Amino acid sequence: MDTHKQLTIGLFGFGVVGEGLYKVLKQTPSLKASIKKVCIKHPGKKREAPAELFTTDRDAILNDPEINVVVEVINESDAAFEIVSRALKSGKSVVSASKKMIAEHLPELLELQKQTHASFLYESAACASIPVIRNLEEYYDNDLLHSIKAIVNGSTNFILTKMFEEKLGFQDALLLAQQLGFAESDPSLDVEGYDAANKWTFLLTHAYGITVETSDLVFSGIQHVQAGDAEVAREKHYDIKLVAQAKKLANGKVAAFVLPQFIRQDDHLAFVKNEFNGVVIESGFADKQFFYGKGAGSFPTASAVLSDLSALRYEYKYEY
Ligand code: HSE
């Protein structure tokens, strides 16, 4: 795809992220990217966009030769996989935010991309506004990456912040996270650690070049954390955070897990509150680096989709 080419987008999903992208693209005309059609599931819903933009027919996008990019931001993993594979097979580039689907199918989708002239990008699928995937992929040599410690789920971090700093009950904090559009439609994916573990699998791929399945990881969410736990932790100058961690061992293997942890209050990750995410990387020569930004929400997530759309202009691809 040359740098001057118009990106004609078929968008799947018009929820928090899809609608965010629609609004963001209206404010970024210099990108020369426009949405031609949006495929949605529930046509009756009131939406702030012209009715003729919407369809319930996947083929109206997938069979349209003028659409050269598919942006897929739906919530269902199986449907997302079908859409993404069909789009790649027909030579359309794909930008996806479906973390669960990516965790389940990354190797085959990267293989599919290799066979076509398309690109498959998913920066928005982990840590939303933090450009973590391309950084891990491009900046660090696998061998020099000693460890990564990160908060990769905005909802649980939001809930813990509200519980411990504003004394909100768990259910009220969760409800707020849902109302603000941070939580998954099935919030147990956030609360029980699945979302963080799913994201961690492909972040590990980009960090260390390894293939990991969610079931390979030891993980838990915040379902067992009690309001009183923070009192004890804070007296000793610790906070409780859901932390994803990976470390390169002396034998070359990578140890990785996602668990709630006590984090010292002077640790970089203790600075990460509410729906923010944070990533601390320790690597040879660079030493310690800290990346910080909003990890959930409409515009922060759309900003990462936007960065992928820009990257498509120079046919950026991940190859394994
Ligand atoms: N439910 C996810 C989170 C949304 O809270 O991090 C962003 O991936």
Side-chain angles (χ1 to χ4, degrees), residues 12-21 24 71-77 80 95-104 106 121-134 136 149-163 168 170-204 206 214 217 219-223 225 240-244 258-260 269 272-279 291-308:
F12 284 86
F14 205 73
V16 172
V17 184
E19 188 174 6
L21 180 68
V24 162
V71 175
E72 176 282 303
V73 291
I74 67 173
N75 270 324
E76 296 151 59
S77 174
V95 175
S96 170
S98 292
K99 346 21 106 80
K100 185 165 182 286
M101 186 274 293
I102 295 165
E104 286 166 354
L106 187 58
L121 301 178
Y122 39 89
E123 189 63 62
S124 61
C127 300
S129 71
I130 309 176
V132 65
I133 296 178
R134 278 206 287 285
L136 287 172
K149 209 165 118 179
I151 291 172
V152 297
N153 181 269
S155 300
T156 45
N157 202 54
F158 179 89
I159 293 168
L160 292 175
T161 307
K162 295 292 172 213
M163 276 170 72
L168 230 61
F170 175 87
Q171 285 304 338
D172 289 341
L174 171 58
L175 190 65
L176 207 51
Q178 288 176 299
Q179 285 165 348
L180 292 167
F182 305 149
E184 299 301 297
S185 44
D186 171 2
S188 66
L189 290 172
D190 296 301
V191 172
E192 293 174 17
Y194 291 96
D195 181 75
N198 284 336
K199 289 168 178 165
W200 207 227
T201 63
F202 52 91
L203 288 176
L204 291 172
H206 291 288
T214 307
L217 292 174
F219 72 91
S220 172
I222 59 166
Q223 66 272 38
V225 178
I240 298 173
K241 298 279 184 194
L242 182 59
V243 179
V258 178
L259 293 170
L269 291 185
V272 180
K273 313 254 185 203
N274 290 312
E275 78 274 26
F276 280 80
N277 284 181
V279 185
F291 300 85
Y292 171 78
K294 286 191 172 172
S298 184
F299 286 166
T301 313
S303 79
V305 174
L306 207 61
S307 84
D308 279 346

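Counting from 1, the numbers follow the sequence of the chain as shown. All ligand and atom numbering here is 1-based and tracks the order in the structure. What you see is a predicted model; the values in this text were computed from it and never measured.
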**Test log, rule side-chain contact (heavy atoms from CB on, under 4.5 Å), inputs I133 and L203** = CA-CA 6 Å; I133 296 178; L203 288 176; 3.8 Å; yes

**Complete:** min-distance protein heavy atom vs atom 1 (N) of ligand 1 -> E184 OE2, 2.6 Å

**Request:** Verify side chain to side chain donor-acceptor pair (under 3.5 Å) between D190 and T156, making sure each step is shown before the conclusion.
**Result:** CA-CA 6 Å; D190 296 301; T156 45; over 6 Å; no

**Prompt:** Looking at ligand 1, does any of its N/O atoms fall within less than 3.5 Å of an N/O of G154?
**Reply:** yes

**Asked** Nearest 0.5 Å, what's the OG-OH distance between S96 and Y122?
**Response** 9.5 Å

**Pairs satisfying side-chain hydrogen bond (donor to acceptor under 3.5 Å, both in side chains), at least one member in residues 295-304, at least two apart** = none

**Asked** What is the closest protein heavy atom to atom 8 (O) of ligand 1, and at what distance does it sit?
**Response** K99 NZ, 2.7 Å

**Message:** Taking only non-hydrogen atoms of A128, do any sit less than 4.0 angstrom from ligand 1?
**Reply:** no

**Asked** Any idea which atoms of ligand 1 are less than 4.0 Å away from a heavy-atom of G295?
**Response** 6 (O), 7 (C)

**Prompt:** What's the spacing between K241 NZ and K273 NZ if we round to 0.5 Å?
**Reply:** 5.5 Å

**Message:** Please compare N153, V152, N157 and report which has the shortest non-hydrogen distance to atom 3 (C) of ligand 1.
**Reply:** N153

**Request:** Determine whether the side chain, the backbone, both or neither of L189 has a heavy atom under 4.0 Å from any heavy atom of ligand 1.
**Result:** neither

**Request:** Could you list the atoms of ligand 1 found under 4.0 angstrom from a heavy atom of K199?
**Result:** 2 (C), 3 (C), 6 (O), 7 (C), 8 (O)

**Message:** With nothing but distance in play, are any N or O atoms of F182 less than 3.5 Å from an N or O of ligand 1?
**Reply:** yes

**Request:** For ligand 1, indicate whether the residue E275 contacts it via side chain, backbone, both or neither (heavy-atom separation under 4.0 Å).
**Result:** neither

**Request:** Would you check if the side chain of S124 reaches a backbone N or O of A304 as a donor-acceptor pair within less than 3.5 Å?
**Result:** no

**Request:** Please determine which of V191, I151, V258, N157 meets the side chain to side chain contact (heavy atoms under 4.5 Å, CB included) test together with L242.
**Result:** V258

**Message:** Within ligand 1, which atoms have a heavy atom of D190 less than 4.0 Å away?
**Reply:** 1 (N), 2 (C), 3 (C), 5 (O)

**Message:** Test of understanding: with side-chain contact (heavy atoms from CB on, under 4.5 Å), list the residues that count as partners of F276, not counting sequence neighbours.
**Reply:** V272, Y292, K294

